[in-house]
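Note that the numbering runs from 1 along the sequence shown for the chain. Only this structure's heavy atoms are used, side chains among them; waters, hydrogens and symmetry mates stay out.
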Amino acid sequence: MQRAVYSADERSLLLNYFVKLAIIVAASILLGFAFNVFLLPHEVLTGGVTGVAMIFGLMTPVNTGFWIIILNIPIVILGWMKLGKEFIINSIISVAVTSVSMLYIPIVQITEDALLSSVWGGVLTGVGIGLIIRYYSSTGGFDVVGILLIKKWDIPLGGLIFALNSGVVVLSGFFFGWELALYTMLSIYITGIVIDRIHTRHVKLNLMVVTSHGEELRRALLENLVRGITVIDGQGAYSREEKKVLYTVITRYELEIIRNVLKEIDPDAFVSISQSMQVMGNFRKDD
């Protein structure tokens with residue numbers, strides 16, 4: 001049998017994908033740990049479809065992990081149609097790993113303080129979901145809905161997920177009392193904050209580069225970014241040397257790409273980066 005031969009670029013892509021997949025799996029296990037150790041022992045729910053699954057898991061003999069799979073089926077179909085095959089495959093892996101981890105991680109109450117569990121459960125859940133979404137996956141449910149909406153509105157994902165989850169909080173109040181509902185609200189609010197610290201694609205940055213290698217840098221940026229670039233003629237006030245000033249707006253995710261390009265083309269370039277309050281006009285929101 002002839003062995004498959006991969007080019008250096010193909011090997012690099014495969015390695016990057018497996019690293020990304022490993023992060024998704026680890027973050028999914030972290031979710032299962034957060035649910036079973038911090039949230040479920042105090043009946044503090046998470047939001048969205050997972051929160052509904054938790055309600056069903058607490059009210060029926062069927063494990064929450066099974067409910068997560070059942071309730072996510074229609075949302076997975078929607079995501080396949082709108083977000084593509086890779087996203088949905090990654091999401092299925094994430095949901096499956098979370099569900100299996102919840103089956104094998106025992107539900108243990110490590111603290112009797114429900115407030116403390118709500119805070120730490122929210123933090124760990126936010127870290128897990130933030131990493132999962134950052135590496136082009138989701139935990140299903142409202143994550144998929146939120147990602148579809150931010151493609152249109154370009155708003156912070158964590159805040160949007162918090163808003164979508166409010167209905168689950170109200171529902172949990174009727175079933176388990178309003179004290180637990182308030183704990184749930186606190187938990188998902190913290191989760192939303194942490195998600196927005198990790199998933200920063202909505203954050204826009206103004207990038208200005210003053211360089212002596214204008215044409216080379218312009219070509220490199222156009223090859224690596226899907227952004228428009230304005231090129232302005234400039235001159236050093238002291239040296240009187242002719243310069244090119246390149247201006248564009250990028251997302252925070254693209255900043256690492258910029259650093260690598262500048263390091264290769266012109267490590268001595270003067271670079272100014274500032275956060276943009278609002279972008280109007282022709283700006284591509286996402287890939």
Side-chain angles (χ1 to χ4, degrees), residues 3-37 46 48-50 53 63-105 121 123-148 150-151 157-158 161 191-192 194-202 224-226 251-257 259-260 286-287:
R3 294 179 60 184
V5 178
Y6 297 101
S7 67
D9 289 342
E10 288 173 331
R11 288 196 297 271
S12 177
L13 287 173
L14 281 173
L15 178 61
N16 288 338
Y17 178 72
F18 283 120
V19 169
K20 180 169 66 174
L21 195 59
I23 293 172
I24 291 171
V25 169
S28 301
I29 294 173
L30 179 63
L31 275 184
F33 176 81
F35 293 157
N36 280 9
V37 175
T46 187
V49 172
T50 304
N63 186 276
T64 300
F66 288 117
W67 281 116
I68 290 176
I69 294 175
I70 294 169
L71 295 174
N72 271 295
I73 290 174
I75 296 176
V76 165
I77 295 173
L78 176 64
W80 183 285
M81 297 169 58
K82 298 293 185 179
L83 296 171
K85 180 171 67 174
E86 181 185 350
F87 176 85
I88 290 304
I89 290 174
N90 291 344
S91 299
I92 291 172
I93 292 171
S94 174
V95 172
V97 171
T98 300
S99 301
V100 171
S101 67
M102 292 181 71
L103 293 175
Y104 287 98
I105 296 174
V123 169
L124 294 181
T125 301
V127 171
I129 295 176
L131 288 172
I132 288 167
I133 293 175
R134 179 160 188 155
Y135 289 95
Y136 204 56
S137 182
S138 75
T139 61
F142 283 177
D143 289 2
V144 176
V145 177
I147 291 169
L148 287 171
I150 64 172
K151 280 180 171 290
L157 179 61
I161 290 176
T191 295
V194 176
I195 288 173
D196 282 338
R197 294 296 182 271
I198 297 173
H199 182 270
T200 56
R201 189 179 295 276
H202 65 282
N224 288 276
L225 300 175
V226 188
T251 67
R252 190 179 291 275
Y253 279 13
E254 293 165 327
L255 186 55
E256 189 60 33
I257 298 174
R259 288 196 180 102
N260 293 332
D286 209 342
D287 294 329

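- In this structure, A34 and T125 approach most closely via the heavy-atom pair CB-OG1, 3.8 Å.
- Atom CD1 of I89 and atom OG of S137 lie 10.5 Å apart (nearest 0.5 Å).
- Rounding to the nearest 0.5 Å places CG of L31 at 5.0 Å from OG1 of T98.
- When all heavy atoms of S94 and I24 are compared, the pair lying nearest together is CB-CG2, 3.9 Å.
- Nearest heavy-atom pair across V25 and V97 is O-CG1, 3.7 Å.
- Annotation: ring pair (Phe, Tyr, Trp, His ring centres under 6.0 Å) contacts of Y135 (sequence neighbours excluded): none.
- Taken from CD1 in I129 to CG in L124, the straight-line distance is 11.0 Å, to the nearest 0.5 Å.
- Within 6.0 Å of CZ in F87 there are more than 12 heavy atoms belonging to other residues, nucleotides or ligands.
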Report all side-chain donor-acceptor pairs from residues 15-22 shorter than 3.5 Å, counting only partners two or more places apart or in another chain.
from, atom 1, to, atom 2, distance (Å)
N16, ND2, S12, O, 3.3
Y17, OH, N90, OD1, 3.2
K20, NZ, E86, OE2, 2.8

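- In this structure, CZ on F33 lies 11.0 Å from OG on S101, to the nearest 0.5 angstrom.
- Minimum interatomic distance between A27 and I132 (heavy atoms only, all atoms of both residues): CB-CG1, 3.6 Å.
- Separation of atoms CG (D196) and OG1 (T191) is listed at 11.0 Å; rounding is to 0.5 Å.
- Here I23 contributes atom CD1 and L131 contributes atom CG; the two are 7.0 Å apart, rounded to the nearest 0.5 Å.
- Using a distance-only test at 3.5 Å, with no hydrogens or angles considered, no donor-acceptor pair links the side chain of S138 to the main chain of S91.
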